[in-house]
Every structure is written in C-alpha cells, then in structure tokens.
Amino acid sequence: CELQREFQHLQSLSHPHIVRVHEFDRDGDAAFFTMELLSGALLSGVLSARHSVILPRAYALAVIRDVGAALSHAHSRGVVHGDINPQNIFIPNEGELRVLDFGAAHSLRRTDWAEDDASTLRAPVATPGYASCEVLEGQRPDSRDDVFAFACVIYLLLSAKHPFPGCNALEARSKRVRVRRPDGLTGSQWRVLREGLNWDRARRPSDVQNWLDRLNLRGAAPRLPLLSNLMTSAAPRSNQAWLTAAVVLWLALLGAGGYWVATNYDSVSGTVAGTVAGWHLPGSSDTLRADPSPAPMAAATDAARPQPTRSPAPAVVAAPGAPHTARTAAVPAPGAEKPAVAPAVSFGPLRIEMAADTVDVLVNEKSAHVTVRRRGNPRGAASFIWWTESGTAKPGVDFVPVMPHTEVIAEGSNGVILEVAMTSGSRRTAKSFYVVIDRVESAAALGARTLTMVTIQPPD
C-alpha cells in the first residue's frame with residue numbers, strides 16, 4: 001500500500017534532515033508506522049506567520065542548504081521525493097530541519113521490495129504549484145523534477161513570493177510568464193536558479209548538490225535559530241529607520257544653522273525676527289503684537305491615527321469570540337464649540353482572518369466550506385489571496401487543489417465562504433489538508449488565524 005511504500009522509502013534513508021521512521025504495523029484494516037516525535041511548525045506556517053516578510057538571508061540560505069542536503073542524500077540512494085513544497089518541510093522548535101512526506105516518492109532504480117509492486121506504476125501525485133510540467137503531464141518524476149520544485153521553494157524563500165503566483169507550471173509556460181530576479185541575487189546566481197526553473201526537464205540539472213554549490217550559499221547561518229526567533233526575526237523596521245534619518249537630518253540642519261548665525265552674527269544681530277505660536281517678535285521693537293492671522297494648529301483626525309503593527313503569531317490560535325468593533329468618538333478642541341451633529345465614528349482597523357481552526361467534511365459531501373471573516377471597518381472591498389496545501393489528504397486524489405488566487409469581500413459584508421471541491425471515492429481513515437490565506441491586497445491587515453485544517457471524515 002502507499003503508506004508501506006512511504007515507510008520503506010524512509011527506512012532506506014538515514015539523514016539528519018530527513019524524518020526518521022521506526023516501525024510499520026497494522027491494527028485490523030488500519031496500517032500505520034511510527035516516526036520520531038517532532039515539535040515545531042511547517043515552513044509554510046513559518047512563512048505565513050511572517051506575513052510575507054522575507055526571512056533574513058542567512059536563515060533562508062540555511063533552509064536551502066539543509067533541504068538540498070536531504071534531497072541530495074535521497075537521490076544518492078535512488079529515491080525521488082516527488083512533492084517538495086513548504087508544507088513538507090518541518091522546522092522544529094530547536095534542532096535540525098526535517099523533510100517530510102515521502103508518500104509521493106518514486107525509486108530511481110528498481111529494488112527488491114518494489115520490483116513486484118504494481119503500484120510503482122501509479123500516477124504521480126504532487127502539489128500543483130510546485131510540480132514541474134512533466135509531472136503535471138503525468139510523467140514519472142526523476143531528480144530533475146525535485147530540482148524544479150525545490151527551485152520554486154528557493155525563490156519563495158528569497159523573495160517571499162511564488163515565482164509564478166496564481167498558476168501552475170503548465171499554465172505559466174503557456175502564458176509565457178517571465179520570472180523576475182529576486183532582490184539580492186547576483187547575475188550568476190540568478191542564472192543558476194533559472195536552470196532549476198526551466199520548463200524543460202532536459203535542461204534542468206540533476207545533481208542537486210552541484211547545483212547548490214554553483215548557486216553559492218556562502219553566508220548561510222551555521223544552524224537555524226529557535227523557531228520563535230525564526231518567526232519574529234525581521235528586517236529593520238522602516239518607520240524606525242525613517243525616524244532615525246529624520247533626527248540625523250534635523251541635527252545636521254540645526255548645526256549648520258548655528259554655524260551660519262555664528263559666522264554672520266554682525267549682519268543679523270539687529271534684524272532677527274521670529275514667529276512663535278502665532279506671535280511676531282520684530283527686531284526693531286520691544287512690543288509683542290498678535291498676528292492677525294495666526295497659523296491654525298493641525299487637528300488630529302482618524303486618518304492620522306497610527307497603523308497597527310503586526311506581531312507574527314503561530315498559524316493556529318484559540319477560537320475567536322464574537323466580532324468586535326472599536327469605536328472612537330471625536331473630541332472637540334478646548335474652547336471650540338460642540339458640533340451640532342453626532343460625533344463621527346471611527347471603526348477599528350480592517351483585519352481578515354479564518355473563522356475557525358478546523359472544518360470537518362463528510363466523505364460523501366461534494367465540497368468543503370471554509371469561512372473567512374473581516375473585522376473592523378466595513379467600508380470598502382477587501383481582497384486577499386488563498387490556496388490549498390496538501391497534508392495526509394492529497395491534491396487530485398482526495399480534493400481538487402486550488403492554486404493561489406484573489407478573493408474579494410464586498411463592502412458591507414462581514415465575510416466570504418471559500419469552497420473546495422472533494423473528489424469521489426471511499427475512505428476508511430480521516431485525512432486532512434489545509435486552506436491558507438495570505439498577502440492581503442487591500443488596506444486590510446491579516447489576523448492571527450491564517451490557516452484552517454479541513455478534515456475529511458470517513459463514514460461511521
């Protein structure tokens with residue numbers, strides 16, 4: 001069976017960055033194997049929690065190095081992973097990265113345990129957004145197809161974007177999508193990465209380690225930090241950088257002004273005049289007089305309130321309460337007349353998030369429905385990108401995969417229901433996959449819950 005084949009593939013591999021398995025067994029009709037206990041998060045969850053903030057380069061290169069080492073080892077043992085994507089890369093709370101899910105793996109050479117297994121001729125199963133054109137066309141994958149999927153992951157790590165968002169490799173090829181070079185890559189590095197992203201299998205490298213050596217991972221961190229640090233580490237805050245630059249500029253101008261006054265004191269000592277809070281202080285008189293048209297003070301408005309800062313959080317959090325709307329009444333300035341109309345109402349910041357951590361769907365249902373809510377300001381449309389990711393349930397086998405694409409929540413609406421079609425077939429055990437939202441494309445911000453696990457429940 002498929003599970004036994006995955007166990008046998010993993011048992012043939014022993015590497016620090018490949019998940020370890022211990023024993024295969026059966027309990028009646030249920031087959032299972034035991035594996036090492038891991039505590040941490042999938043790479044997809046780490047990237048989602050960072051809200052499209054690029055990983056620090058040293059950590060991104062470390063992930064690339066470790067996954068590459070795992071793939072190179074598997075290929076040297078005659079095993080192709082077949083489904084490399086962020087959902088199959090696990091980042092422990094501390095310790096070594098692990099590559100998971102060899103359920104889609106194929107052998108590069110025939111082995112004793114696979115020689116008589118007719119299921120080795122099964123159709124390839126892979127996540128569409130990371131599968132090569134050949135795999136999507138139903139061809140048996142080889143090491144060059146792992147390189148293509150890995151190149152997509154590398155591009156995502158270095159740019160926080162998929163190389164061809166919203167479509168799979170076949171669609172991107174037919175549309176002649178031009179993939180842009182990520183910031184920070186040299187011309188030679190970009191040429192090497194593009195080799196892996198080549199539509200034609202024959203023009204992709206087959207030796208993962210040699211390919212990575214040419215990509216040049218110099219500067220990679222010796223090891224990944226604690227998971228909590230990986231989720232929160234970020235580039236310098238742009239607001240703080242601007243503030244620092246403004247202070248430096250102000251001090252420079254102040255110093256330059258002081259120098260000019262000191263060197264031109266004789267010419268300005270009798271003619272200095274200033275304006276302070278609407279009052280003129282003429283240099284020729286000791287009398288203060290009010291400015292007939294003092295400059296008005298800037299009024300604080302809702303538009304000037306600070307934007308919320310994002311705190312990266314795990315993809316799964318406690319279930320939320322009822323929608324909450326924050327209202328702030330306008331306060332008149334001291335001495336000003338109270339307005340004759342009701343004070344303006346300001347809603348809290350617009351946020352988009354999943355309504356639930358989990359959703360169950362019965363095996364005979366045609367589709368799963370996942371709700372995405374908007375909170376805060378109801379004005380204006382809010383858009384976001386969503387897609388599906390595999391788990392124990394496989395795309396194309398248990399459910400119809402959804403590639404990243406944009407969904408819009410209309411003005412005044414408090415949410416939208418995402419629909420994922422189920423495939424027909426009987427299942428004896430529960431299987432799960434994930435619906436993910438990310439990259440809000442409007443003035444909204446992402447809430448803490450950006451992932452919902454959909455579990456396909458077998459009949460009682």
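Counting begins at 1 with the first residue of the sequence.
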For this session: Using atom types as modelled and distance alone, determine if a side-chain donor or acceptor of Asp213 lies under 3.5 Å from a backbone N or O of Trp211.
Result: no
Exercise. Looking at CD1 of Ile385 and CE of Met403, how far apart are the two atoms once the value is rounded to the nearest 0.5 Å?
Worked result: 11.5 Å
Exercise. Is the shortest heavy-atom distance from the side chain of Tyr434 to the side chain of Ser44 under 4.5 Å?
Worked result: no
Problem set entry | Full working for side-chain contact (heavy atoms from CB on, under 4.5 Å) between Val372 and Phe384 | CA-CA 10 Å; Val372 177; Phe384 60 94; 3.9 Å; yes
Exercise. With a cut-off of 6.0 Å (strictly less than), are more than 12 heavy atoms of other residues, nucleotides or ligands near CD of Glu419?
Worked result: yes
For this session: Grab the two heavy atoms, one from Phe399 and one from Ala393, that are nearest each other, plus how far apart they are.
Result: CE2-O, 3.7 Å
Seminar exercise, completed: All heavy atoms of Val179 vs all of Pro163, minimum pair found to be CG2-O, 3.8 Å
Exercise. Quick check: does any side chain N or O of Thr423 sit under 3.5 Å from a backbone N or O of Asp398, one acting as donor and the other as acceptor?
Worked result: yes
Problem set entry | Criterion salt bridge (charged side-chain N to carboxylate O under 4.0 Å, His left out) against Arg204, the qualifying member of Asp142, Asp145, Asp146 | Asp145
Problem set entry | Closest non-hydrogen atom pair, Lys161 against Tyr155 | O-CD2, 3.2 Å
Exercise. With the threshold set at 4.0 Å, does a side-chain nitrogen-carboxylate oxygen contact exist between Arg144 and Asp200?
Worked result: no
Problem set entry | Distance in Å, Leu157 CG paired with Leu43 CG, rounded so as to fall on 0.5 Å steps | 5.5 Å
For this session: Measure the acute angle between the ring planes of His162 and Tyr130, then classify it against the limits of 30° and 60° as parallel, tilted or perpendicular.
Result: perpendicular
Problem set entry | pair Leu38-Leu100: side-chain heavy atoms closer than 4.5 Å | yes
Exercise. So, the side chain of Gln189 versus the backbone of Leu215: is there a donor-acceptor pair under 3.5 Å, distance only?
Worked result: yes
Exercise. Just by modelled atom types, is the Ala410 backbone N or O under 3.5 Å from a matching donor or acceptor in the Ser413 side chain?
Worked result: no
Problem set entry | Phe148 side chain reached by Ile84 side chain, heavy atoms, under 4.5 Å | no
Exercise. Does any N or O in the side chain of Thr358 come within less than 3.5 Å of the main-chain N or O of Met453, such that one atom is a donor and the other an acceptor?
Worked result: no
For this session: Look at the side chain of Asn168 and the backbone N and O of Glu171, then say whether any donor-acceptor pair between them is shorter than 3.5 Å.
Result: yes
Exercise. Looking at Ala169 and Leu136, what are the two nearest heavy atoms and their distance?
Worked result: N-CD1, 3.8 Å
Problem set entry | Donor on one side chain, acceptor on other, Ser48 and Thr450, under 3.5 Å | yes
For this session: Find out whether Leu230 and Ile91 are in side-chain contact, i.e. whether some heavy atom of one side chain is under 4.5 Å from a heavy atom of the other.
Result: yes
For this session: Using distance alone, with no hydrogens and no angle criterion, decide if His405 and Trp387 have a side-chain donor and acceptor under 3.5 Å apart.
Result: no
Exercise. Does any N or O in the side chain of Thr371 come within less than 3.5 Å of the main-chain N or O of Ile417, such that one atom is a donor and the other an acceptor?
Worked result: no
Exercise. How far apart are the C-alpha atoms of Glu96 and His17, what are their side-chain angles, what is the distance that settles it, and do they pass the side-chain contact (heavy atoms from CB on, under 4.5 Å) test?
Worked result: CA-CA 6 Å; Glu96 303 286 357; His17 299 303; 2.9 Å; yes
Problem set entry | Worked verdict on Val370 versus Trp386 for side-chain contact (heavy atoms from CB on, under 4.5 Å) | CA-CA 11 Å; Val370 178; Trp386 75 282; over 6 Å; no
For this session: Give the minimum heavy-atom separation between Ala62 and Ala220, together with the two atoms involved.
Result: N-CB, 3.8 Å
Exercise. Do the ring planes of Trp199 and Phe164 sit parallel (below 30°), tilted (30 to 60°) or perpendicular (above 60°)?
Worked result: tilted
For this session: Could you tell me which non-hydrogen atom of Met354 sits nearest to which non-hydrogen atom of Val435, and how far apart they are?
Result: CE-O, 3.2 Å
Exercise. At what distance, to the nearest 0.5 angstrom, does CG of Leu55 lie from OG of Ser159?
Worked result: 11.0 Å
Problem set entry | Non-hydrogen side-chain atoms of Asp357 and Arg449 separated by less than 4.5 Å | yes
For this session: State the CZ-NE2 distance between Arg98 and His15, to the nearest 0.5 angstrom.
Result: 10.5 Å
For this session: Could you please spell out the steps behind the side-chain contact (heavy atoms from CB on, under 4.5 Å) verdict for Thr455 and Val359?
Result: CA-CA 6 Å; Thr455 301; Val359 169; over 6 Å; no
Exercise. Are Arg201 and Glu137 within salt-bridge range, i.e. N to O under 4.0 Å?
Worked result: no
Exercise. When rounded to the nearest 0.5 angstrom, what distance separates CG in Leu212 from CZ in Arg65?
Worked result: 11.0 Å
For this session: Check whether any side-chain N or O of Ser76 sits under 3.5 Å from a backbone N or O of His73 as a donor-acceptor pair, and report yes or no.
Result: yes
Exercise. Is there a donor in the side chain of Ser206 and an acceptor in the side chain of Ser143, or the other way round, less than 3.5 Å apart?
Worked result: no
Problem set entry | Contact check, side chains of Gln457 and Val361, non-hydrogen atoms, under 4.5 Å | no
For this session: Could you check if a side-chain atom of Phe90 sits within less than 4.5 angstrom of a side-chain atom of Leu97, using non-hydrogen atoms only?
Result: no
Problem set entry | Steps toward salt bridge (Lys or Arg N to Asp or Glu O under 4.0 Å) verdict (Glu195, Arg214) | CA-CA 11 Å; Glu195 290 178 16; Arg214 291 189 294 114; 2.7 Å; yes
Problem set entry | Contact check, side chains of Asn198 and Arg194, non-hydrogen atoms, under 4.5 Å | no
Exercise. Has the side chain of His51 got a donor or acceptor atom that lies under 3.5 Å from a matching backbone atom of Ala445?
Worked result: no
Exercise. In Å and rounded to the nearest 0.5 Å, what is the NE2 to CG distance from His81 to Asp101?
Worked result: 5.5 Å
